[in-house]
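The first residue in the sequence is number 1, and the count goes up from there. Since the model is a prediction, treat every value here as computed from it, not as a measurement.
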Amino acid sequence: MYLKVITLLLSLSVFLPLAALACESSIFVCESDSPKSLNLSVCELKGSFYLERFDLQGKKLAENEVSVELVKSSYHRSLVNEHSAAFSINELDVVLSDYRSEELGELEVVLSVTIEQAFESDFYLCEGSSFSRLVD
């Protein structure tokens, strides 16, 4: 009986959309209105990374939760830390950035997204409820 239930659950999980699964945690969320409206959210699920949301000028660039391979990097110098992650989707190269500086005696946090396509790039400063956990 238990074997039948497990087999049924495994076969159902193949057909369930990934969106039905809840991500363990969002690691980067960016909302911006300039130069175009951008709404992007990357989350982690069982050690893999997914786009929860990727809307540019109201157009969905990723449906449901699309798996992406993040390439992470970090830069450190006295009083400055920058963590970034890059991925590609739909002929777009996307770089997420979390820049933190204490150089002027205050903590400055700048979250940004750079999107490159066909030798053109757009730079977005994240605003509002944007946040980053790239450092974790």
Before you tell me yes or no, could you show the steps for H76 and H83 under side chain to side chain contact (heavy atoms under 4.5 Å, CB included), namely the whole-Å CA-CA distance, both residues' side-chain angles and the distance that decides it to 0.1 Å? CA-CA 9 Å; H76 304 283; H83 302 280; 3.6 Å; yes
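- L134 is listed as a side-chain neighbour of I27, based on a closest heavy-atom distance under 4.5 Å.
- A single hydrophobic cluster is seen to contain both Y124 and L92, as judged by linkage of ILVMFWY side chains at heavy-atom distances under 4.5 Å, directly or through other members.
- Between F123 and S112, some side-chain heavy-atom pair lies under the 4.5 Å cut-off.
- The line from CD of E82 to OH of Y99 is 7.5 Å long, rounded to the nearest 0.5 Å.
- Note that NZ of K36 and CG of D55 are 14.0 Å apart. Values are rounded to the nearest 0.5 Å.
- Heavy atoms from other residues, nucleotides or ligands lying under 6.0 Å from CD of E69 number 12 at most.
- With 3.5 Å as the limit, one finds a donor-acceptor pair spanning the side chains of S26 and E52.
- Between F54 and V94, the closest side-chain pair of non-hydrogen atoms falls below 4.5 Å.
- Distance OG/S37 to CD/Q57: 6.0 Å, rounded to 0.5 Å.
- Screening residues 90-99 for salt bridge (Lys or Arg N to Asp or Glu O under 4.0 Å) gives D98-R100 as the qualifying pairs, with residues at least two apart or on separate chains.
- F131 shares a hydrophobic cluster with V29; the chain of contacts runs through ILVMFWY side chains whose heavy atoms sit under 4.5 Å apart.
- Hydrophobic clustering of Ile, Leu, Val, Met, Phe, Trp and Tyr side chains at less than 4.5 Å, counting indirect connections, keeps L125 apart from L56.
- Counting heavy atoms from C-beta outward, V135 and N81 have side chains that stay 4.5 Å or more apart.
- Atom CG of L96 sits about 5.0 Å away from atom CZ of F28, to the nearest 0.5 Å.
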Which is it for V71 and F87 under the side chain to side chain contact (heavy atoms under 4.5 Å, CB included) test, yes or no, and what are the steps along the way? CA-CA 7 Å; V71 177; F87 65 91; over 6 Å; no
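- Of the possible donor and acceptor atoms, none in the side chain of S101 sits under 3.5 Å from a partner among the backbone N and O of V80.
- L40 and V95 sit in two unconnected hydrophobic clusters of ILVMFWY residues. Membership requires side-chain heavy atoms under 4.5 Å apart, directly or through other members.
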For a side chain to side chain donor-acceptor pair (under 3.5 Å) check, start with the C-alpha distance between S97 and S84, then their side-chain angles and the critical distance, and finish with the verdict. CA-CA 4 Å; S97 177; S84 62; 6.0 Å; no
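- Going from atom CG of L38 over to atom CD1 of I115 covers 5.0 Å, rounded to the nearest 0.5 Å.
- The shortest side-chain heavy-atom distance between Y50 and L45 falls under the 4.5 Å cut-off.
- Cluster membership for L104 and V110, using ILVMFWY side-chain heavy atoms within less than 4.5 angstrom, is not shared.
- Residue pairs that meet the salt bridge (Lys or Arg N to Asp or Glu O under 4.0 Å) test with at least one member in residues 102-121, sequence neighbours left out, are R77-E103.
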